[in-house]
Amino acid sequence: MMDERRDVALAIKSCLDSLMSDAARCDLGDLAHFISLAALAAEDAAAASDPQTARLKAMMANDVGHC
């Protein structure tokens with residue numbers, strides 16, 4: 001169950017990162033900032049669901065996926 005929660009949080013973070021990039025590219029700075037905060041919350045949720053947080057941090061250093 002914890003792995004599933006982590007995987008879902010990582011998938012959401014990936015989508016939010018993509019949306020943040022799109023917003024920044026379209027000069028929607030305020031929206032990009034708001035989305036970046038949501039992406040940080042998703043990252044925190046993934047870390048809280050992973051007993052091996054060091055492994056998760058290594059995954060976060062790379063692009064996990066793209067939606």
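- A distance-only check finds a donor-acceptor pair linking the side chain of Ser21 to the backbone of Asp17 [under 3.5 Å].
- The shortest non-hydrogen separation linking Ala46 to Arg6 is O-CG, 3.7 Å.
- Cluster annotation: Phe34 and Leu16 are assigned to distinct hydrophobic clusters (Ile/Leu/Val/Met/Phe/Trp/Tyr, side-chain heavy-atom contacts under 4.5 Å, transitive).
- Leu19 and Val8 fall within a single hydrophobic cluster, where Ile, Leu, Val, Met, Phe, Trp and Tyr are joined by side-chain heavy atoms under 4.5 Å apart, directly or via other members.
- Here SG of Cys15 is found 11.5 Å from CD1 of Ile35. Values are rounded to the nearest 0.5 Å.
- Evaluation of the side-chain hydrogen bond (donor to acceptor under 3.5 Å, both in side chains) test over residues 23-37, restricted to residues two or more places apart or in two chains, returns Asp22-Arg25.
- Qualifying side chain to side chain contact (heavy atoms under 4.5 Å, CB included) partners for Ala32, counting only residues two or more places apart in sequence or in other chains: Met20, Ala23, Ala24.
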